[in-house]
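Below, chain A is the first sequence line, B the second, and so on; all start at residue 1.
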Number of protein chains: 2
Amino acid sequence: MSRTVYVNGSYLPEEEATVSVFDRGFLMADGVYEVTTVIDGKLIDFDGHFTRLQRSLTELDITNPMDRDAWLEVHRQLVAQNGLDQGMIYLQVTRGAPGDRDFIFPDPETTAPTVVLFTQSNPALVDSPKAKKGIKVIAIEDIRWGRRDIKTVQLLYPSMGKMMAIKAGCDDAWMVQDGAVTEGTSNNAYIIKDGRIITRALSNDILHGITRAAVLRFAREAQMQVEERNFTLEEAKAADEAFVTSASTFVMPVVEIDGATLGAGVPGPLALRLREIYIEESRKAAL
Amino acid sequence: MSRTVYVNGSYLPEEEATVSVFDRGFLMADGVYEVTTVIDGKLIDFDGHFTRLQRSLTELDITNPMDRDAWLEVHRQLVAQNGLDQGMIYLQVTRGAPGDRDFIFPDPETTAPTVVLFTQSNPALVDSPKAKKGIKVIAIEDIRWGRRDIKTVQLLYPSMGKMMAIKAGCDDAWMVQDGAVTEGTSNNAYIIKDGRIITRALSNDILHGITRAAVLRFAREAQMQVEERNFTLEEAKAADEAFVTSASTFVMPVVEIDGATLGAGVPGPLALRLREIYIEESRKAAL
């Protein structure tokens with residue numbers, strides 16, 4: 001069965017879901033996105049994603065085309081129309097299609113933002129085989145632009161990094177800048193040493209993960225020690241445990257970093273405990 | 001009259017020129033482009049652009065969907081069908097639309113690259129009012145990714161830079177990294193001091209301009225001194241002349257850099273002479 005996709009106010013069969021070739025998302029990567037996870041047909045941390053979307057749009061001087069309740073309604077419609085039980089809702093907003101190509105922003109009075117949303121079903125999100133085994137990551141240089149805090153669609157390098165990882169027989173890549181790990185290709189990165197959870201502090205260098213914020217809050221509530229600071233690749237390779245967080249992987253244990261096996265090479269107890277807490281608490285608060 | 005646009009083998013009215021929302025150009029900026037100038041209905045340096053397109057695609061592991069002659073034929077068809085006398089042909093190739101979103105590249109056996117081309121008419125390219133007055137540039141920090149030699153559609157920051165320039169009452173922005181000028185938002189940057197033309201050497205830091213290559217060749221043939229090396233913003237502000245080059249602006253004199261007026265604040269003689277030579281020689285060699 002064909003998915004139903006939302007494009008600029010219409011619910012369409014996915015084969016008919018198109019945008020103009022003049023869309024600035026297509027021509028200039030002038031757009032932002034969010035991915036919200038669905039469990040039991042309900043949205044995880046919808047308001048966190050809505051708030052970050054608003055921030056990304058503000059940073060790029062794009063007016064948010066819908067208010068919170070309108071966004072929520074589209075999300076729920078897509079869940080219902082696609083019978084989505086477990087998976088993700090992807091949303092993208094671009095500066096729109098002004099009818100020609102120009103580095104100068106189009107007049108927002110005449111060019112409305114483009115809005116696209118679609119579902120991705122994934123019944124194995126919660127009961128993930130990967131989370132039981134843990135993932136392996138390689139290290140690559142972080143050569144992305146300087147505003148990774150804005151969730152833009154400039155994902156070419158993260159996508160290339162993912163391919164480098166796969167070619168190396170691994171699952172993902174951790175990016176390293178001036179010796180310190182920034183983040184994974186589509187997730188925030190953490191190490192655990194002597195019971196302390198260490199992750200890079202928020203800045204323009206990394207995405208301000210919605211799942212990151214929730215996981216750190218749950219960790220502190222569970223009396224775990226959290227240090228928000230830079231950590232080096234060498235530190236990571238000598239860690240007791242490691243994990244990544246993202247909307248769609250929750251807390252995903254990392255068992256190998258750039259060739260170095262962590263501990264016994266299996267998911268660590270703190271990472272697994274955090275995954276459990278995160279899923280449990282998120283389910284309770286889902287909309 | 002509506003333009004005729006080329007999309008994946010079809011010549012379509014521009015209103016019908018669309019791509020899938022799953023196109024990796026739209027979702028991940030996973031695509032490259034070229035802009036070829038048309039004068040007198042003929043293509044300027046077609047082979048230079050074709051060669052660079054091939055290089056960009058190779059760097060991204062995308063198979064070139066057409067050979068030189070097929071590309072030339074589409075360019076000529078668009079010129080003919082749109083009655084283009086003076087202007088540009090924009091072309092974009094993306095990794096295609098695999099039908100879903102994934103950081104992992106789609107299998108090229110089942111997902112073909114997307115090809116889009118369209119014309120932009122501009123009767124004032126050669127006889128440009130801006131070239132007679134010269135342009136003013138501001139300086140901004142260069143925060144783009146580390147592979148600017150690949151002509152990708154990741155143009156959000158250059159577009160933001162253009163807007164910063166316009167808000168400052170200027171025409172364009174020169175980007176500065178570690179104190180040295182890299183390039184303009186969509187052009188290569190040059191200063192002239194004591195008769196010597198100075199421009200940054202080729203590396204991953206800048207676009208390998210097709211117009212840059214031609215202009216430097218013409219300059220050397222005309223016995224002008226050329227130095228390919230980094231230059232600082234301070235050096236630029238103290239230059240005798242300055243200019244930028246790009247396919248669509250040829251050689252464009254710069255008369256003000258970050259608030260400092262160069263010389264008498266009018267286009268310099270060497271820049272104007274280079275513009276003349278470039279246009280004359282390019283017209284002769286046009287296809």
Side-chain angles (χ1 to χ4, degrees), chain A residues 3 5-7 12 14-31 33 35 60-61 88 90 92 94-95 97 99-105 114 116-118 120 141-147 150 152-163 166 172 185-186 204, chain B residues 3 5-7 12 14-31 33 35 60-61 88 90 92 94-95 97 99-105 114 116-118 120 141-147 150 152-163 166 172 185-186 204:
Chain A
R3 264 177 300 183
V5 169
Y6 178 95
V7 183
L12 303 167
E14 58 186 325
E15 299 77 16
E16 295 169 25
T18 61
V19 292
S20 166
V21 298
F22 297 105
D23 195 283
R24 287 180 58 96
F26 183 70
L27 295 179
M28 296 198 165
D30 188 3
Y33 73 103
V35 180
L60 299 191
D61 257 326
M88 289 92 79
Y90 175 86
Q92 180 169 332
T94 78
R95 204 180 303 275
D100 211 341
R101 179 178 182 273
D102 197 333
F103 279 64
I104 296 172
F105 294 174
T114 296
V116 170
L117 291 93
F118 54 81
Q120 295 187 296
E141 201 191 336
D142 196 341
I143 63 165
R144 294 172 301 160
W145 80 319
R147 290 300 306 274
I150 310 174
T152 76
V153 294
Q154 295 180 118
L155 295 175
L156 177 55
Y157 188 67
S159 179
M160 292 166 76
K162 186 86 177 172
M163 293 305 291
I166 286 168
D172 202 8
T185 63
S186 57
N204 291 353
Chain B
R3 263 178 298 183
V5 169
Y6 178 94
V7 184
L12 303 167
E14 59 186 326
E15 299 79 13
E16 294 169 27
T18 60
V19 292
S20 166
V21 298
F22 296 104
D23 195 282
R24 287 179 59 97
F26 183 70
L27 294 179
M28 293 197 168
D30 188 3
Y33 74 103
V35 180
L60 298 190
D61 257 326
M88 287 93 78
Y90 175 87
Q92 181 168 334
T94 78
R95 203 181 304 275
D100 211 340
R101 178 179 183 273
D102 196 331
F103 278 64
I104 296 171
F105 293 175
T114 296
V116 170
L117 290 93
F118 55 81
Q120 294 186 297
E141 201 192 336
D142 195 341
I143 63 164
R144 294 172 301 160
W145 81 319
R147 290 300 306 273
I150 310 174
T152 77
V153 295
Q154 295 181 119
L155 295 174
L156 176 55
Y157 188 66
S159 178
M160 292 166 75
K162 186 89 178 169
M163 294 305 292
I166 286 168
D172 202 7
T185 63
S186 58
N204 291 354

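- Comment: A:Asp100 engages B:Arg3 in a salt bridge, judged by a side-chain N to carboxylate O separation of less than 4.0 angstrom.
- Here B:Ala17 is the residue among B:Pro158, B:Ser186, B:Gly99, B:Ala17 with the most heavy-atom pairs under 4.5 Å with chain A.
- Without hydrogens or angle criteria, A:Arg95 side chain to A:Leu60 main chain gives a donor-acceptor distance under 3.5 Å.
- Side-chain atoms of A:Thr18 and B:Val21, non-hydrogen and from C-beta on, never get closer than 4.5 Å to each other.
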>> I'd like to know whether A:Leu156 forms a side-chain contact (heavy atoms from CB on, under 4.5 Å) with B:Met28, so could you lay out the CA-CA distance, the side-chain angles of the two residues, the decisive distance to 0.1 Å, and finally the verdict.
In response: CA-CA 6 Å; A:Leu156 177 55; B:Met28 293 197 168; over 6 Å; no
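- Defined by atom type and a distance below 3.5 Å, a donor-acceptor pair is present between the side-chain atoms of A:Thr94 and A:Asp23.
- Looking at A:Ile104, both its backbone and its side chain come within 4.5 Å of chain B, counting heavy atoms on both sides.
- The most heavy-atom pairs under 4.5 Å with chain A, out of B:Asp30, B:Thr114, B:Leu27, come from B:Leu27.
- Per-residue heavy-atom pair counts under 4.5 Å with chain A were compared for B:Met88, B:Gln154, B:Glu15, B:Glu16, and the maximum is reached by B:Gln154.
- In terms of heavy-atom pairs under 4.5 angstrom with chain B, the leader among A:Val7, A:Asp102, A:Val153 is A:Val153.
- For chain B, no part of A:Asn204 is nearby; none of its heavy atoms comes within less than 4.5 Å.
- Both the backbone and the side chain of A:Ser20 come within contact range of chain B, with heavy atoms under 4.5 Å apart.
- Ranked by heavy-atom pairs under 4.5 Å with chain A, the first of B:Val116, B:Asp61, B:Thr152 is B:Val116.
- Note: B:Arg101 leads B:Met160, B:Arg101, B:Arg144, B:Gln120 in heavy-atom pairs under 4.5 Å with chain A.
- Looking at A:Phe105, the atoms closer than 4.5 Å to chain B (heavy atoms on both sides) sit in the backbone and in the side chain alike.
- For A:Gln92, the part lying near chain B is the side chain, with the backbone staying farther off; criterion is any non-hydrogen pair under 4.5 Å.
- Within the 4.5 angstrom heavy-atom criterion, atoms from both the backbone and the side chain of A:Val19 approach chain B.
- Expressed to the nearest 0.5 Å, how far CZ of A:Phe118 lies from OH of A:Tyr6 amounts to 15.0 Å.
- A donor-acceptor contact under 3.5 angstrom links the side chains of B:Ser159 and A:Arg24, judged on distance only.
- Taking chain A as the reference chain and counting heavy-atom pairs below 4.5 Å, the highest number among B:Met163, B:Glu141, B:Lys162 is found for B:Met163.
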>> Evaluate A:Phe26 against B:Phe26 for ring pair (Phe, Tyr, Trp, His ring centres under 6.0 Å), listing each step before the verdict.
In response: CA-CA 4 Å; A:Phe26 183 70; B:Phe26 183 70; 7.7 Å; no
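- For the atom pair OG1 (A:Thr185) and OH (A:Tyr157), the distance works out to 10.5 Å, reported to the nearest 0.5 Å.
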